[in-house]
Amino acid sequence: MMALFLRDVKLSVRAGGGALIGVLFFLTVVAVIPFGVGPDMNLLARIGPAILWIGALLSALLGLDRLFQADRDDGSLDLLLMQETPLVATVFVKCLAHWVATCLPLVIASPLLGLFMNMSEVGIGAVMLTLLAGSPAMAFIGAAGAAVAVALPRGGLLVSILILPLTIPVLIFGVSASYAAVEDPAPFLPPFLFLLALTLFFAVIGPLAAALALRQAVD
């Protein structure tokens, strides 16, 4: 499992720029917002948590189509299906590797982009914490979509269409918790706990659904 984890991290970083492409796209999404809403610094600070979460969500979609496609192309997917290790555990490890290679750099870059949005220190810390807690759910959800589209020659767009509606609850509770940390009347803990619960839920459902979809695709 550790060898598979390290292999997938290396392949994710090398393929198409890996983490760098995701961070650059994240930066692009955040950078164009001030041109659209104007130079109102108070408005930018108010919408900053939502913009950072949306940018991170869209950036996390990049490369999901390659999660299983590369294994199918080189034949290693058949070996993963035939090994003694349960396929669910293998998919779980691949999701963790994808999160480390593509989503974790977005979490690390979020404080710098929060400064672009004129956010306070508390707001930046809240967004970073919520992204750290919620971004694994995006990887687990994305694994199910990538497994469904693995047999399609151009499944990248289909993956995004399939998983984007499923990530809406994660987005809602992530943004709600970020705003709650800044606004005193709103409690931070309840939406943050819901966000953690969603991550744990998809950590179970996502690899299971992806494993079933992979076996159906191969059969």
Side-chain angles (χ1 to χ4, degrees), residues 9 12-13 17-64 95-142 163-164 166-203 206:
V9 169
S12 298
V13 171
L20 181 60
I21 296 298
V23 173
L24 289 178
F25 184 80
F26 193 14
L27 174 61
T28 302
V29 171
V30 175
V32 299
I33 296 301
F35 295 101
V37 301
D40 189 345
M41 302 302 289
N42 293 328
L43 177 60
L44 291 177
R46 189 162 62 250
I47 66 175
I51 297 304
L52 289 181
W53 255 95
I54 292 173
L57 174 60
L58 296 177
S59 301
L61 297 179
L62 299 177
L64 278 176
C95 291
L96 291 181
H98 175 78
W99 178 79
V100 169
T102 60
C103 297
L104 186 58
L106 303 178
V107 178
I108 297 174
S110 60
L112 177 60
L113 300 181
L115 295 177
F116 292 168
M117 301 299 293
N118 194 38
M119 293 171 56
S120 63
E121 291 82 359
V122 176
I124 293 174
V127 170
M128 187 176 184
L129 181 61
T130 53
L131 282 176
L132 185 63
S135 56
M138 303 178 193
F140 293 126
I141 297 171
I163 71 171
L164 194 56
L166 299 177
T167 59
I168 297 301
V170 180
L171 177 65
I172 290 174
F173 286 108
V175 174
S176 299
S178 301
Y179 278 125
V182 180
E183 300 173 359
D184 292 334
F188 170 77
L189 197 56
F192 184 71
L193 291 179
F194 271 109
L195 183 63
L196 291 175
L198 284 173
T199 298
L200 294 177
F201 174 77
F202 285 117

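Because only heavy atoms are used, hydrogens play no part in the values below, and waters and symmetry mates are left out as well, while side chains stay in.
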Distance check, rounded to the nearest 0.5 Å: [X] atom [atom1] versus [Y] atom [atom2]?
{"X": "Ile108", "Y": "Cys103", "atom1": "CD1", "atom2": "SG", "answer": "11.5 Å"}
{"X": "Leu171", "Y": "Ser176", "atom1": "CG", "atom2": "OG", "answer": "8.5 Å"}
{"X": "Phe116", "Y": "Ile33", "atom1": "CZ", "atom2": "CD1", "answer": "13.5 Å"}
{"X": "Met117", "Y": "Leu112", "atom1": "CE", "atom2": "CG", "answer": "13.0 Å"}
{"X": "Thr199", "Y": "Leu195", "atom1": "OG1", "atom2": "CG", "answer": "5.0 Å"}
{"X": "Asn42", "Y": "Ile47", "atom1": "CG", "atom2": "CD1", "answer": "11.5 Å"}

Do [X] and [Y] come close enough that some side-chain heavy atom pair is under 4.5 Å?
{"X": "Phe194", "Y": "Ile172", "value": "no"}
{"X": "Leu198", "Y": "Phe202", "value": "yes"}
{"X": "Leu57", "Y": "Leu164", "value": "yes"}
{"X": "Leu193", "Y": "Phe173", "value": "no"}
{"X": "Asp40", "Y": "Leu44", "value": "no"}

Problem - Leu113: which of Ile51, Ile124, Val30 passes side chain to side chain contact (heavy atoms under 4.5 Å, CB included) - result: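 Exactly one pass, corresponding to Val30.
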Might you point out which heavy atoms bring [X] and [Y] nearest each other, and give the distance in Å?
{"X": "Pro190", "Y": "Pro187", "result": "CD-CB, 3.7 Å"}
{"X": "Gly142", "Y": "Ile163", "result": "CA-CD1, 3.8 Å"}
{"X": "Leu62", "Y": "Gly22", "result": "CD1-CA, 4.2 Å"}
{"X": "Ala56", "Y": "Phe26", "result": "N-CE1, 3.4 Å"}
{"X": "Phe140", "Y": "Leu96", "result": "CZ-CD2, 4.2 Å"}

Can you list, pair by pair, the side-chain donor-acceptor contacts under 3.5 Å of residues 125-139, counting residues two or more places apart and other chains?
| from | atom 1 | to | atom 2 | distance (Å) |
| --- | --- | --- | --- | --- |
| Thr130 | OG1 | Trp53 | NE1 | 3.1 |
| Thr130 | OG1 | Ala126 | O | 2.9 |
| Thr130 | OG1 | Val127 | O | 2.9 |
| Thr130 | OG1 | Ser178 | OG | 3.1 |
| Ser135 | OG | Trp99 | NE1 | 2.7 |
| Ser135 | OG | Leu131 | O | 2.6 |

Handout entry: With sequence neighbours excluded, residues passing ring-ring contact (aromatic ring centres under 6.0 Å, His included) with Phe192
Key =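 Only Phe188 meet the ring-ring contact (aromatic ring centres under 6.0 Å, His included) criterion with Phe192.
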Practice task
May I ask you to decide if Val170's main-chain N or O and Thr167's side chain share a donor-acceptor pair within less than 3.5 Å?
Solution key: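 Not at all, since once roles are kept as given, no pair shorter than 3.5 Å links the two residues.
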